Structure formats: structure tokens, C-alpha cells
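Only one structure is covered here, and it is reproduced in the block below.
Keep in mind the model is a prediction, meaning the values are calculated, not measured.
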Amino acid sequence: MTGGRGGNGPGGGEADVRVVVTGIGVKSPAGNTAGEVLSTVLAGKSTATVIPGLAGGPVPIGCPLAPFEPLDYFTGRELRTLDRTAQIGLAAAIDAVTDAGGLSPEDRGVYVGTGGGGFATLENLIVGHTLGREKVPVHAVPALMSSSTAARIAIRYGYRGPCLTFNTACASGATAIGEALRAIRSGTVGSAVAGGLDALLSPLVMEAFAKVGALSERLDAPAEASRPFDEKRDGFVMGEGAAFLVLERSDLAEARGARVYGEVSGYAANCDANHIVAPLRDGSVAAGCMRAALADAGLSPGDVGHVNAHGTSTPHNDDAEALALRDLFGGSGGRTPPVTSTKGVSGHLVGGAGAFEAVVGLLSAREGLVPPTANFTSGPATEMIDLVHGAPRRIPAGPVLSNSFGFGGSNACLVLTPA
């Protein structure tokens with residue numbers, strides 16, 4: 001485990017390297033700027049709706065991206081070669097770099113997480129080719145590559161450090177940010193663009209998720225379908241989007257006079273090693289991941305200001321996470337800090353979820369406001385965790401623990417501390 005600020009003791013080394021956030025870019029159902037996203041999640045209003053392109057499928061609802069104009073970012077020729085996932089991700093990364101005013105001049109890396117990559121494009125190509133409607137275009141291979149977004153970010157800016165793509169299912173975005181943190185701490189790079197993305201609102205993908213029972217079937221009331229920790233939850237609502245952070249070694253950011261949002265102060269990853277789509281029911285391995293992330297940050301559970309839970313609105317995931325949080329914060333007699341899940345607003349962004357929620361968590365921590373968990377009415381989870389619902393809650397600014405848990409048992413936890 002890479003040591004945090006308190007991880008290696010006195011005497012220099014990685015323990016003394018602080019990694020700060022100097023840029024944020026986001027394209028999501030909740031909005032396409034940091035301000036829009038924070039306003040939407042604080043309002044606690046779901047973005048779920050019926051998706052015309054999914055009509056006739058088993059689950060025709062989802063949380064689509066808020067409208068944005070791709071031609072503000074790309075030429076028409078570029079657009080023809082970009083998968084929708086890459087469009088969304090590259091646009092968010094461009095916004096993050098612009099927001100940061102560039103990156104530090106030392107070695108720069110790109111770290112991207114995605115659960116599906118160009119899968120929706122692959123589906124469209126197969127359908128079109130099978131039906132004889134179209135020929136396979138010359139740009140098919142780069143459009144299909146799951147590493148395409150990372151490569152295009154590096155090419156656009158000339159970043160010649162590591163250019164890496166991670167797929168840890170729904171933990172992918174958090175994994176990418178955490179691995180970028182480790183790279184900066186170790187001296188591999190001085191700064192990085194890191195985040196996650198996915199755009200999986202396509203018929204085949206939705207039917208596949210429906211087959212494993214992951215999606216909500218509350219089709220008559222889409223806005224009420226995603227309800228994390230609620231006793232009537234029946235599955236998640238698929239969303240699409242991307243979020244990216246610019247991370248820099250703190251001394252480099254200070255030297256160039258960069259504005260600092262806060263610090264990525266801790267990260268850990270582990271695996272339930274239990275089931276390909278179901279979490280370990282008692283949440284013990286997830287609790288261990290949270291505990292390790294806090295240790296990496298040099299913090300104790302009592303230092304946490306609030307938790308941005310993975311909170312998918314699936315029965316098993318939410319139960320296991322509630323147990324894990326109870327375990328971490330003191331057993332059955334303890335009390336957790338305020339807990340929220342923003343998936344009731346945005347839906348589940350899969351590979352983009354962990355990065356989007358890291359953005360929301362850091363912005364919320366800076367404002368000292370915990371967003372409400374949309375659509376929660378009642379449930380036994382409140383006996384174990386202090387779930388924020390109904391309205392935002394004012395708290396002192398402090399570190400946020402952001403959880404991401406994926407199929408295959410992949411767990412990734414980040415600790416972010418506001419400036």
C-alpha cells in the first residue's frame with residue numbers, strides 16, 4: 001500500500017508528497033459544470049426519464065447526459081471518428097485542463113477509468129453491418145478501443161508520461177484517480193489528468209443489465225426509480241457521463257500559482273473475491289478498503305466529515321455498504337458521520353461513477369453541505385448509518401470518504417480533503 005502523508009513516518013519520501021486538485025471537468029446528467037452539478041445534487045431531484053432510443057426494451061428509462069454542444073470541443077471531422085463515450089470523456093478532460101489553467105511542466109500522465117469503453121459503438125456497428133445498412137468505417141478500431149479516450153487526451157495535449165486505462169467495472173473512475181495519486185506520490189509524474197467515463201444507454205447493454213436483475217423496474221415513475229438505501233429500492237438506473245480531475249504535486253501547483261480545490265489524500269483498493277456480480281454480504285472487505293484509504297491519508301474514522309456512498313439502489317449492495325460503514329465507524333453501538341448517495345439524482349454512471357462522485361464529494365466538502373439522498377423515504381439502513389435525506393445538511397468542512405464498488409468484487413475508496 002502506498003503510504004499517505006502519515007504512512008511512512010518522518011524523513012521525507014512519499015509520505016511528504018501532497019497531491020492537490022487544481023481542475024475539474026464534468027459532463028453528466030446533473031450538469032456539465034461543477035456549479036451545475038453541485039446545485040442539482042443539493043436539490044435532490046432525479047434526472048431519470050424515459051429514453052426514446054430504448055423504447056421496446058425491458059427497461060426504457062435512464063439518466064441521459066445534460067445537453068452539451070460537441071462542436072464546441074471538436075471539429076465535424078473529429079466527431080465522425082469519436083465514440084460517444086470518448087466525446088463525453090474528452091470534453092470533460094478538456095474542461096478540467098482549461099479550469100486548471102494547464103498542467104505543471106514536469107512529466108504529465110493520463111489515467112482513465114471505464115467499465116464499457118466503446119461498447120455502444122460496437123453494438124451499433126454489429127447491428128448496422130448485420131442488417132446491411134452500413135459498411136464498417138475506417139475509424140472503427142480506434143472508436144472501439146477502450147483506451148481511446150486516454151490516448152486522445154494525451155495526443156491533444158502532448159502528454160508523454162504514462163497513458164493508462166483501468167477497467168474495474170463500477171469502481172473504474174475511482175481506481176484511475178487513486179492510481180494517478182500513487183504515480184504522483186512515487187515521482188513517476190508531477191501531474192495528471194485522471195477520471196472516468198461511460199455512455200451505456202444502448203439497447204443491448206440495458207437488456208444485459210436487466211437480465212442480471214441489476215436495473216430498477218419502476219418504469220411507471222422513472223424519477224422515483226433510483227432510491228439508494230430505501231426499503232422499496234429494486235435496482236439502479238443507468239446513467240451516462242464523465243468526470244475528470246487535474247492532479248498535481250502541491251509544490252508544483254503552488255509554483256505556478258494554481259487555484260486549489262483540495263487534496264486527494266488517501267486511496268485504497270481491494271477485492272471481495274466472492275462473486276462476479278454480488279458483493280460480500282457482510283461488507284467486511286469493503287470496510288477494510290475504507291479503513292486502508294483512511295490510513296493512507298493519515299486519518300482516523302473520527303476525522304471524516306461525511307461519506308459519499310456507492311449506494312447504487314440495489315438491495316444487496318446497499319445492505320452490504322451499510323454494514324461496512326457501521327463496522328468502520330464503531331460497530332453496532334457507533335454512529336457514522338453523515339452519509340449520502342448521489343445516484344438517486346444522477347443514476348449510475350458505471351465507469352464514470354467514482355470520478356463523478358469524487359467531484360461531488362470534494363465540492364460538497366468545500367461548501368460544508370451534504371446533498372440529500374434522493375427518493376429515500378424509509379428503511380432499516382438508518383438504524384446503521386446517518387443517512388442524509390429530504391434536504392441538504394450543513395456540516396463543518398472536512399474530509400470526505402468516497403466509495404466505489406464494482407462487479408467482480410472490485411472496491412476502491414478515495415479520501416478527499418477540501419482546501
Side-chain angles (χ1 to χ4, degrees), residues 24 26-48 62-66 92 170-171 173-174 177 195-198 216 222-230 233 235-243 245 304-314 317-318 321-322 325 336-376 381 385-393 395 400-406 412-414 416 418:
I24 292 174
V26 64
K27 292 287 178 279
S28 80
N32 294 325
T33 67
E36 289 174 359
V37 166
L38 185 61
S39 177
T40 303
V41 298
L42 288 174
K45 184 178 180 181
S46 172
T47 60
C63 294
L65 190 74
C170 306
I177 293 171
L197 66 158
D198 263 321
S216 172
E224 300 172 12
S226 182
R227 40 197 322 114
F229 298 104
D230 189 80
R233 67 190 184 276
F236 70 77
V237 174
M238 183 73 79
E240 59 178 354
L245 304 176
V304 176
H306 82 281
V307 178
N308 193 308
H310 186 59
T312 57
S313 184
T314 54
N317 176 88
D318 291 4
E321 187 169 14
L325 289 166
T336 72
V339 177
T340 187
S341 169
T342 49
K343 288 185 176 71
V345 172
S346 67
H348 194 341
L349 308 187
V350 192
F356 174 77
E357 289 154 20
V359 167
V360 171
L362 181 56
L363 295 175
S364 301
R366 281 169 55 87
E367 293 295 320
L369 281 172
V370 183
T373 303
N375 294 321
F376 181 87
I385 62 175
D386 181 11
L387 189 71
V388 178
H389 57 96
R393 185 184 302 178
I395 62 169
V400 55
L401 175 64
S402 185
N403 290 337
S404 295
F405 309 132
C413 298
L414 297 169
L416 302 107

For the residue pair L245 and I24, establish whether any side-chain heavy-atom pair is separated by less than 4.5 Å.
yes
R366: which residues meet the salt bridge (charged side-chain N to carboxylate O under 4.0 Å, His left out) condition with it, sequence neighbours left out?
none
For a 4.5 angstrom cut-off between non-hydrogen side-chain atoms, does S313 reach F376?
no
Closest heavy-atom pair and its distance - P372, G390:
CB-N, 3.9 Å
To the nearest 0.5 angstrom, please state how far the OG atom of S39 sits from the NZ atom of K45.
11.5 Å
Taken in chain and number order and not counting sequence neighbours, the residues that satisfy side-chain hydrogen bond (donor to acceptor under 3.5 Å, both in side chains) with T314 are T312
Side-chain heavy-atom pair V370, S364 within 4.5 angstrom cut-off:
no
CZ of R393 to CG of L369, rounded to nearest 0.5 Å, is 11.5 Å
When every non-hydrogen atom of A48 is compared with those of V237, the smallest separation belongs to CB-CG1, 4.1 Å
Mind running side chain to side chain contact (heavy atoms under 4.5 Å, CB included) on L363 and V41 for me, showing each step along the way?
CA-CA 11 Å; L363 295 175; V41 298; over 6 Å; no
Just so I know, are the side chains of P371 and P392 near enough to count as touching, which here means a heavy-atom distance under 4.5 Å?
no
Does L416 reach the side chain of N308, with side-chain heavy atoms less than 4.5 Å apart?
no
Shortest non-hydrogen pair, F356 vs V26, comes out as CD1-CG2, 3.9 Å
Atom of A355, atom of A243 and distance for their closest heavy-atom approach
CB-O, 3.4 Å
What's the shortest heavy-atom distance between G311 and S341, and which atoms?
O-OG, 2.7 Å
Starting at NE2 of H389, measure out to CG of D230 and round the result to the nearest 0.5 Å.
9.5 Å
Treating T336 as the side-chain partner and D386 as the backbone partner, does any N or O pair qualify as donor plus acceptor under 3.5 Å?
yes
How close do N32 and A66 get, heavy atom to heavy atom, and via which atoms?
ND2-O, 3.2 Å
Could you give the distance from CG (L414) to CD1 (I177), rounded to the nearest 0.5 Å?
5.5 Å
Show me, pair by pair, the donor-acceptor contacts under 3.5 angstrom made by side chains of residues 342-351, not counting sequence neighbours?
unit_1 : atom_1 : unit_2 : atom_2 : d
K343   : NZ     : H310   : O      : 2.6
K343   : NZ     : H310   : ND1    : 3.4
K343   : NZ     : E357   : OE1    : 3.1
K343   : NZ     : E357   : OE2    : 2.8
S346   : OG     : T342   : O      : 3.4
H348   : ND1    : V350   : N      : 3.0

Reported CZ-to-OG distance for the pair F236 and S226, which is rounded to 0.5 angstrom
9.5 Å
Would you compute the distance between atom CD1 of I395 and atom NE2 of H306 and round it to the nearest 0.5 angstrom?
6.0 Å
